[in-house]
Amino acid sequence: MLNISDIMKTLDMIDHQHLDIRTITMGISLRDCAHPDMSVCARKIYDKICHCAEHLVETGCTIENEYGIPIVNKRISVTPAALVAESCEGGDYVLIARSMDNAARQCGVNFIGGYSALVHKGFTNGDRRLIESIPEALAETELVCSSVNIATTKAGINMDAVALMGKIIKQTAELTADSGGLGCAKLVVFANAVEDNPFMAGAFHGIGEPECVINVGVSGPGVVHSALKSVKGQSFDVVAETVKRTAFRITRMGQLVAQEASQRLGVPFGVVDLSLAPTPAVGDSVARILEEMGLEVCGTHGTTAALALLNDAVKKGGIMASSHVGGLSGAFIPVSEDEGMIAAARRGTLTLEKLEAMTCVCSVGLDMIAVPGDTSADTISAIIADEAAIGVVNSKTTAVRIIPAPGKTVGDNVEFGGLLGNAPVMPVHPESSAGFIARGGRIPAPMQSLKN
Amino acid sequence: MKAIMTVISTDRVGIIAEITTLLASMSVNILDLNQTIMGGMFTMTILVDTSTSDYGFEDIRAALTEKGESASLTIRIQRADIFNAMHRI
């Protein structure tokens, strides 16, 4: 039989270290829902999502009960809506968002992602219409998440899209001002977006994906933190090995759950995303892992190196534990969703500049950051451009999920609630980037793109 | 289905008897049993096979939870696969 201490170790991880499956996300292709009449298209979208995901939540709950492991979220990602709605002659794109929202409610999932457009090289007419509808769509729906890919290593950076997204983020914040600009928490601007990401708000079902697929996102910052407490003061060789071993265990559990869900739902298994996803709960923080490595406060000198080690060791440990690894796979650093990051930002140690450096070595980008409500659209666009440049040149995914909190200024706090947490408003440079953003056009793809 | 039951409680007379009697009443077969005092607490792990029972996993789980509440025991039952996945290659 299994060793009693191994069994108790697993229970301790679940009970006291917040070990959980962060999400089971069903990817659904909506490519067959296109129709010239938008109301027909919206109905087909609703019907297809409800049909495919009918048993998703119930199956997730059964697995949760049988294995005794919490599965925090059950979610749906769909084909970027711009691709599906493009053939509609006229009509308001928000109708599509409403249809997605209603379907998500009907299925009982937490979020639905894919109100998205891929415009890294340029806009189609449908892309532009969808992007312009994002503020209203996010204000009028509750569960819909949106993302826009504005750059890839292969295509370079679409600076017209960068400029537009600065304005869209501002409008979204204004339309959801009564909830602190919550709409912006559901809007991600990507460079090198991945097609199989199970995490929100950036999940969409890519165009190379099958009809329907199950992707699983694991978590476990608390477990890694706890493991590192047992190797206090030891060398980084030991730290890296400890993280790898822990990540291996967490991922094996994710793989098991993914396979079980795939089999029960009769839907192919896609990937396990090896991400360390924090929550605002104490003991579930990525920042506290970095501090455990010997940093007084996350954000001080050494933070980037610590995060680089963590991110790499998580991947190395996880990759052998899963048959297919994908998504974003790495450590997330969403400020408002991480208790340690919130504390470090409030203290002023964790700044926007340091976060930007950290995004060079972690799996995503500037995530869940609140900035003053009077931050200009140009400044937001310039922040997006900087992040996109990091992603494009380093052939990695980067993203910006930023909230210009209406009426708030540096030192204020924005409360989003639940997993989205709360964010201290961080300062941005007052100096203008308007001339830079006004140029438009495309920043060419870097040398790294020429691999053939 | 093979599952691991864990029972944690302050130590007292008769815990094993109560649990095994309940399992026998549902025709759940015990394959292995391990009991120790860990950190001052009665800690028991039991490997069971639920396929011998006419009850479904959910019914067995509910009966154990009910027993746990009435007898002040923390009882859990989880499919054994999860522990195998985490601790065996």
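All of these numbers come straight from a predicted model, not from anything done at the bench. Letters A, B, ... are given to chains in the order of the sequence lines, protein chains preceding strands, and every chain is numbered from 1.
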Are more than 12 heavy atoms from other residues, nucleotides or ligands located less than 6.0 Å from atom [atom1] of [X]?
X        : atom1 : result
B:Glu66  : CD    : no
B:Asp54  : CG    : no
B:Arg12  : CZ    : yes
A:Ile319 : CD1   : no

Engaged part of B:Phe57 at the chain A interface, taking heavy atoms whose separation is under 4.5 Å: side chain
Atom group of B:Leu31 that falls short of 4.5 Å from chain A, counting heavy atoms: neither
Nearest atoms (heavy-atom pairs only) where A:Leu256 meets B:Ile82: CD2-CA, 3.5 Å
B:His87 versus A:Asp6, closest heavy-atom pair with distance: NE2-O, 3.1 Å
Donor-acceptor contact below 3.5 Å, side chain A:Arg252 vs main chain B:Met86: no
Minimum side-chain heavy-atom gap A:Glu66-B:Glu58 below 4.5 Å: no
Heavy-atom check, side chain of A:Leu11 versus side chain of B:Phe83, under 4.5 Å: yes
Distance (rounded to the nearest 0.5 Å) between A:Ile7 CD1 and B:Ile46 CD1: 10.5 Å
Interatomic distance, B:Asp81 atom CG to A:Gln259 atom CD [nearest 0.5 angstrom]: 10.5 Å
Chain B contact via A:Ile63 - side chain, backbone, both or neither, heavy atoms under 4.5 Å: neither
A:Glu260 versus chain B, the contacting section by heavy-atom distance below 4.5 Å: side chain
Residue among B:Arg79, B:Met38, B:Arg76 with most heavy-atom pairs under 4.5 Å to chain A: B:Arg79
For chain B, the option from A:Ile250, A:Asn65, A:Ile4 that forms the most heavy-atom pairs under 4.5 Å: A:Asn65
